[in-house]
Colleague: 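Sending over a structure as structure tokens; questions will come in a sec.
Given the structure is predicted, the values throughout are model-derived calculations rather than measurements. Protein chains get the first letters and strands the later ones, always in sequence-line order, with residue 1 at the start of each.
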Amino acid sequence: MCGALRASDSGKTAVLMGWVNRRRDLGNLIFVDVRDRTGVTQVVFNKERDPAVHEKASTLRNEYVIAVIGKAKQRVPDTINKNIPTGEVELIAEELRTLNESKQPPFLPGETVLPNEEMRLKYRYIDLRRDAMQHNIELRHKVSIAIRDYLSAQGFFEIETPFMTRSTPEGARDYLVPSRVQPGSFYALPQSPQLFKQILMISGFDRYFQIVRCFRDEDLRADRQPEFTQIDLEMSYPQPERVWEVVEGFLTAAFKAAGHSIKTPFPRMSYDEAIRLYGSDKPDMRLPAMTDVREAFTAADLTTLAVNPSLPIVAIRIPQVGELSRKDRDEVKPLFIAKGSAKLFEDFKRMEKNFPQAAASIREKSAAEASDLLVVVAGDSKPGEHKSEGGVKPEVKQHDHAVYTAAGLLRIALAQKYADRHGAFKKSGDPDKDFRFLWVTDFPMFEWDEDGKRWAAAHHPFTSPHEHDMDKLESDPAAVRALAYDVVLNGTELGSGSIRIHRQDIQRKIFHALGMTEDEAHSRFGFFLEALEYGTPPHGGIALGLDRIVMILAGADSLREVIPFPKTARAVDLMVDAPTPVNEAQLKELGIQVKK
RNA sequence: GGGGACGUAGUUCAGUUGGUUAGAACGCUGCCCUGUCACGGCAGAGGCCGCGGGUUCGAGUCCCGUCGUCCCCGCCA
């Protein structure tokens with residue numbers, strides 16, 4: 001292999017096969033760097049030594065595929081290249097075969113500047129030849145293997161579940177697959193193997209896992225692709241802590257495979273705490289939490305500032321940002337996405353001038369240094385449009401929630417904007433700082449769906465409520481906590497799971513709370529409800545995004561860097577040019593008519 | 001569905017207040033070169049300025065539309 005040759009191989013005959021990475025033609029002396037998956041080795045063609053082979057070498061061009069036979073030779077000291085592992089050796093060519101020529105590629109894998117993403121995706125096979133992509137794909141392989149080995153050793157069976165399955169109206173949009181044999185009927189690709197893995201528990205496979213593709217027809221983001229890979233697992237008779245232990249175990253193995261040693265157990269935080277302290281259910285703990293500064297203001301202050309005294313007031317601190325210029329402040333304002341009636345005070349100096357006592361108190365409460373950036377987010381006292389549906393309680397909570405989450409989004413936007421100044425996102429080499437894991441627990445069971453004017457499952461409708469909250473299912477749905485948990489890394493949700501409902505009576509209550517009639521529940525999940533009646537063990541599990549784990553390990557900003565053949569923001573594969581219309585005959589066979 | 005950024009040579013980019021023949025680097029082609037490794041030197045080819053309208057004596061530059069890529073909000077149980 002091209003990356004394997006070392007000085008100790010000196011004198012041996014070697015065969016190298018690979019691509020022409022670079023050619024340096026000095027006339028009577030030609031150097032060719034031959035590249036394969038493992039690296040690059042320099043091959044020397046000397047006219048004096050072998051005119052015929054040298055002549056052949058002068059016809060080589062970038063990305064030709066060649067085979068070279070020659071003698072490995074230790075380089076003389078002043079020609080050693082310290083930048084590459086094979087830099088102490090070179091291959092003196094004795095025979096050269098061009099296995100294939102290449103058209104001039106639109107870009108070169110060895111080039112330092114990247115072409116734009118459109119180009120990279122269209123010619124993905126060339127992009128994937130680049131070192132960085134080869135490394136990412138190898139990393140992905142190693143991580144998968146580590147996780148498989150770990151879970152297998154812990155007694156989990158990897159069991160496959162169908163890709164062509166049943167559409168369920170809950171959750172994300174389904175990708176549909178028409179049935180030819182049953183015209184007018186459709187399979188759906190799984191958003192996750194949720195019900196199958198629960199049925200595997202009912203079937204007696206008490207520890208299941210699968211590294212499996214899932215499909216969701218929703219809009220894309222840098223960290224969201226329409227098809228993605230989950231590490232899905234489920235176990236019988238677990239406490240949440242047992243599931244967390246398993247996850248911590250395989251993540252330790254996965255990170256070890258990538259060369260990082262992480263500490264377990266991960267810290268834990270309730271959902272309420274996460275919202276109050278970070279304005280997010282996936283806190284990025286690499287930066288300080290927000291601070292409740294409601295007490296810093298007098299009632300008179302709040303009136304002057306036109307701030308609603310009954311809503312939260314929080315301070316966001318970003319370390320080491322330094323003083324904001326007028327221009328900075330103008331740029332900061334649009335980063336704030338006003339949710340509900342949340343409003344922003346971005347000019348802390350002005351606050352110090354007009355409300356010196358409050359400002360001093362905020363500084364103290366948030367432990368701010370002089371060089372830290374402070375901004376304050378509060379609720380506007382102007383009467384907003386009040387939606388009366390849904391009862392009093394969720395509305396009050398929603399307004400609090402809006403202020404916290406608006407602040408949380410701003411906190412992240414500021415952190416990204418000033419990443420160079422605070423440096424918290426730079427890899428330090430210390431895994432305790434670079435990888436801030438967190439369990440977020442006690443999620444609410446239900447969320448108020450403003451459009452549908454009903455309660456919806458926050459996680460999914462098979463999640464078990466907290467035992468103590470059972471009696472609130474009817475009286476106070478907003479207060480019901482779920483036995484659901486997320487694992488979060490550096491502000492990215494890696495995975496989500498729960499203890500499931502294993503009793504049919506409770507499952508029925510949940511459907512009822514969700515406003516589903518018995519008939520509706522049966523038509524959607526009849527097979528599952530029936531299965532629950534045949535001796536279902538208590539069970540629970542979780543699913544983690546493999547792509548996201550690898551993305552963070554690779555230090556990438558987008559899933560596209562760790563997926564060999566990803567899709568664009570419009571869910572298009574630019575290489576194969578999918579999706580496409582299909583011909584009339586195909587449609588006819590499926591009994592489908594396309595609206596023009 | 002909404003907001004923002006970008007689109008100029010094969011690639012990455014520059015292009016002033018609207019003004020004559022649109023530039024650079026890398027890549028490509030040819031020649032020279034025996035220790036280069038992002039080789040070097042000389043010469044050369046290469047452009048529907050994304051596409052379609054408009055304003056103007058004149059548009060890469062201004063306006064409108066459209067297509068594509070990226071980021072964000074909504075959405076993603």
Colleague: Between the base of C37(B) and the side chain of R22(A), is one N or O donor paired with an acceptor at under 3.5 angstrom?
Modeller: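 Side chain to base: no pair below 3.5 Å.
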Colleague: State which of U36(B), C71(B), G10(B) makes the closest approach to the side chain of P106(A).
Modeller: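 In terms of side-chain proximity for P106(A), the closest of U36(B), C71(B), G10(B) is G10(B).
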Colleague: Taking atom C1' in both G4(B) and G74(B), compute the distance separating them and give it to the nearest angstrom.
Modeller: 15 Å
Colleague: Check every strand shown and say whether E90(A) touches a base, only sugar-phosphate, or nothing at a heavy-atom separation below 4.0 Å.
Modeller: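 Result for E90(A) = base.
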Colleague: Please determine, for the side chain of E218(A), which listed nucleotide (C71(B), G35(B), C75(B)) has the closest atom?
Modeller: C75(B)
Colleague: Please examine the side chains of Y64(A) and T59(A), heavy atoms only from C-beta on, and report whether any two atoms are closer than 4.5 Å.
Modeller: no
Colleague: Under 6.0 Å from the CZ atom of R503(A), do we count more than 12 heavy atoms belonging to anything else shown?
Modeller: no
Colleague: Can you find a pair of side-chain heavy atoms, one from T161(A) and one from P190(A), that are under 4.5 Å apart?
Modeller: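 Of all side-chain heavy-atom pairs linking P190(A) with T161(A), none is under 4.5 Å.
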Colleague: Is a salt bridge present between E493(A) and K282(A), judged by a nitrogen-to-oxygen distance below 4.0 Å?
Modeller: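 Salt bridge: no.
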Colleague: Using whole Å, report how far CG of L335(A) lies from P of G3(B).
Modeller: 18 Å
Colleague: When you get a sec, tell me which of U36(B), C76(B), G27(B) is the closest nucleotide to the side chain of N62(A)?
Modeller: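 Closest nucleotide among those given: G27(B).
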Colleague: Looking only at N and O atoms, is any donor in the side chain of R570(A) or the base of C67(B) less than 3.5 Å from an acceptor on the other one?
Modeller: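 Flag unset: no donor-acceptor pair detected.
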Colleague: At 4.0 Å (heavy atoms only), tell me whether R560(A) reaches a base, stays on the sugar-phosphate, or touches nothing.
Modeller: sugar-phosphate
Colleague: Can you find a side chain N or O atom of R120(A) that sits less than 4.0 Å from OP1 or OP2 on U12(B)?
Modeller: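 No.
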Colleague: Provide, to the nearest angstrom, the distance between the CG atom belonging to L559(A) and the P atom belonging to C70(B).
Modeller: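 Distance, rounded to whole Å: 12 Å.
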Colleague: Roughly how far apart, to the nearest Å, are C62(B) and A5(B) at atom P?
Modeller: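 Each nucleotide's P atom is 13 Å from the other's.
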Colleague: With a 3.5 Å cut-off and just heavy-atom distances, do the side chain of R221(A) and the base of C70(B) make a donor-acceptor pair?
Modeller: no
Colleague: Give none if A5(B) has no partner; otherwise give the nucleotide forming a Watson-Crick or G-U wobble pair with it, both distances under 3.5 Å.
Modeller: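 In the structure as shown, A5(B) has U69(B) as its Watson-Crick or wobble partner.
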Colleague: Do other residues, nucleotides or ligands put more than 12 heavy atoms under 6.0 Å from D131(A) CG?
Modeller: no
Colleague: Starting from P on A25(B), measure out to CG on L108(A) and report it in whole angstrom.
Modeller: 18 Å
Colleague: Give me the distance, rounded to whole Å, that separates U8(B) from C13(B) when you measure between the P atoms they each carry.
Modeller: 9 Å
Colleague: Which residue lies toward the 5' end of RNA chain B, P105(A) or V44(A), if each is placed at its nearest nucleotide?
Modeller: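 Between the two, 5'-proximity favours P105(A).
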Colleague: Applying side chain to side chain donor-acceptor pair (under 3.5 Å) between R481(A) and each of D469(A), D442(A), D272(A), T441(A), report the one that passes.
Modeller: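 So the option named by the test is D469(A).
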Colleague: Look at the side-chain N and O atoms of N116(A) and state whether any lies under 4.0 Å from the OP1 or OP2 oxygen of U12(B).
Modeller: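 True: N116(A) side-chain N/O within range (under 4.0 Å) of U12(B) OP1/OP2.
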Colleague: If you check the R224(A) side chain, which of C75(B), G35(B), C37(B) turns out closest?
Modeller: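 Of the options given, the side chain of R224(A) lies nearest C75(B).
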Colleague: For the side chain of R173(A), counting heavy atoms from C-beta on, which of A38(B), C75(B), C70(B) is nearest?
Modeller: C75(B)
Colleague: Record whether the side chain of D219(A) comes under 3.5 Å of the base of G74(B) through a donor-acceptor pair of N or O atoms.
Modeller: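 When only heavy-atom distances are counted, D219(A) does reach the base of G74(B) through a donor-acceptor pair under 3.5 Å.
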Colleague: I'd like to know if R75(A) reaches the base of U36(B) with its side chain, counting only an N/O donor and acceptor under 3.5 Å.
Modeller: yes
Colleague: To the nearest angstrom, how far is E111(A) atom CD from C13(B) atom C1'?
Modeller: 13 Å
Colleague: Which one, U69(B), C72(B), U34(B), comes nearest to the side chain of L574(A)?
Modeller: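 Nearest to the side-chain atoms of L574(A), counting from C-beta on, is U69(B).
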Colleague: Is the aromatic ring centre of F107(A) closer than 5.5 Å to the centre of the six-membered base ring of U11(B), with the two planes inclined by less than 30°?
Modeller: no
Colleague: Pick out which of Q210(A), Q194(A), K197(A) makes a side chain to side chain donor-acceptor pair (under 3.5 Å) with D232(A).
Modeller: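 That would be K197(A).
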Colleague: In this structure, how many angstroms lie between the P atom of G41(B) and the CG atom of D25(A), rounded?
Modeller: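 So the CG-P distance, D25(A) to G41(B), works out to 15 Å.
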Colleague: Is there a side-chain polar atom (N or O) of R24(A) under 4.0 Å from OP1 or OP2 of C39(B)?
Modeller: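 Answer yes for this pair, as a side-chain N or O of R24(A) is under 4.0 Å from OP1 or OP2.
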Colleague: For R421(A), is there an ion pair with D328(A) - N to carboxylate O distance below 4.0 angstrom?
Modeller: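 Looking at R421(A) together with D328(A), the answer is yes, because their closest N to O distance falls below 4.0 Å.
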Colleague: Please report the distance, rounded to the nearest Å, between CD in Q104(A) and P in A9(B).
Modeller: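 So the CD-P distance, Q104(A) to A9(B), works out to 14 Å.
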Colleague: Starting the side chain at C-beta, find the nucleotide from A38(B), C76(B), C70(B) nearest to L121(A).
Modeller: C70(B)
Colleague: Considering every strand shown, what is the Watson-Crick or G-U wobble mate of C26(B) when both distances are under 3.5 Å?
Modeller: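 WC or wobble partner is G10(B).
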Colleague: For nucleotides G10(B) and G50(B), find the distance between their P atoms and express it as a whole number of Å.
Modeller: 13 Å
Colleague: Would you say T568(A) reaches U69(B)'s phosphate, i.e. side-chain N/O to OP1/OP2 under 4.0 Å?
Modeller: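 T568(A) to U69(B) OP1/OP2: side-chain N or O found under 4.0 Å.
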Colleague: Determine the interatomic distance between P on U11(B) and the same-named atom on C28(B); round to the nearest Å.
Modeller: 14 Å
Colleague: Would you mind telling me which of U11(B), G68(B), C70(B) lies closest to the side-chain atoms of P115(A)?
Modeller: U11(B)
Colleague: Identify which nucleotide among C37(B), G30(B), C72(B) has an atom closest to any side-chain atom of N81(A), counting heavy atoms from C-beta outward.
Modeller: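 Shortest atom-to-atom distance from the side chain points to C37(B).
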Colleague: Check whether any side-chain heavy atom of L91(A) lies under 4.5 Å from a side-chain heavy atom of K73(A), and answer yes or no.
Modeller: no
Colleague: Paired with G40(B): which nucleotide, if any, by Watson-Crick or G-U wobble criteria at under 3.5 Å for both distances?
Modeller: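 Its partner is C32(B).
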Colleague: Suppose you measure atom P in G18(B) against the same atom in G60(B); what distance do you get, rounded to whole Å?
Modeller: 13 Å
Colleague: Base, sugar-phosphate, or nothing: which does S192(A) touch, judged by heavy atoms less than 4.0 Å apart?
Modeller: base
Colleague: Looking for any heavy atom pair under 4.0 Å, which part of the strands does P334(A) touch: base, sugar-phosphate only, or nothing?
Modeller: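 No contact.
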Colleague: Work out how far the P atom of C26(B) is from that of A43(B), and round it to whole angstrom.
Modeller: 14 Å
Colleague: So A172(A), base contact, sugar-phosphate only, or nothing? Heavy-atom distance under 4.0 Å.
Modeller: sugar-phosphate
Colleague: When the distance from CG of N21(A) to C1' of G27(B) is rounded to whole Å, what number comes out?
Modeller: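 Taking atom C1' of G27(B) as the reference, CG of N21(A) is at 14 Å.
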Colleague: Record whether the side chain of E117(A) comes under 3.5 Å of the base of G68(B) through a donor-acceptor pair of N or O atoms.
Modeller: no
Colleague: If you count every heavy atom of other residues, nucleotides or ligands that lies below 6.0 Å from E55(A) atom CD, does the total exceed 12?
Modeller: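 Counting neighbours around CD of E55(A), 12 or fewer heavy atoms of other residues, nucleotides or ligands fall under 6.0 Å, so no.
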Colleague: How long is the line joining CG of L220(A) and C1' of C71(B), in whole Å?
Modeller: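 So the two atoms are 13 Å apart, to the nearest Å.
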Colleague: When the P atoms of A14(B) and G7(B) are considered, how many whole Å apart are they?
Modeller: 7 Å
Colleague: OP1 or OP2 of U34(B) versus the side-chain N and O atoms of N28(A): is any pair under 4.0 Å?
Modeller: yes
Colleague: Counting the atoms with a prime plus P, OP1 and OP2 as sugar-phosphate, which does I84(A) contact under 4.0 Å by heavy atoms, base, sugar-phosphate, or nothing?
Modeller: nothing
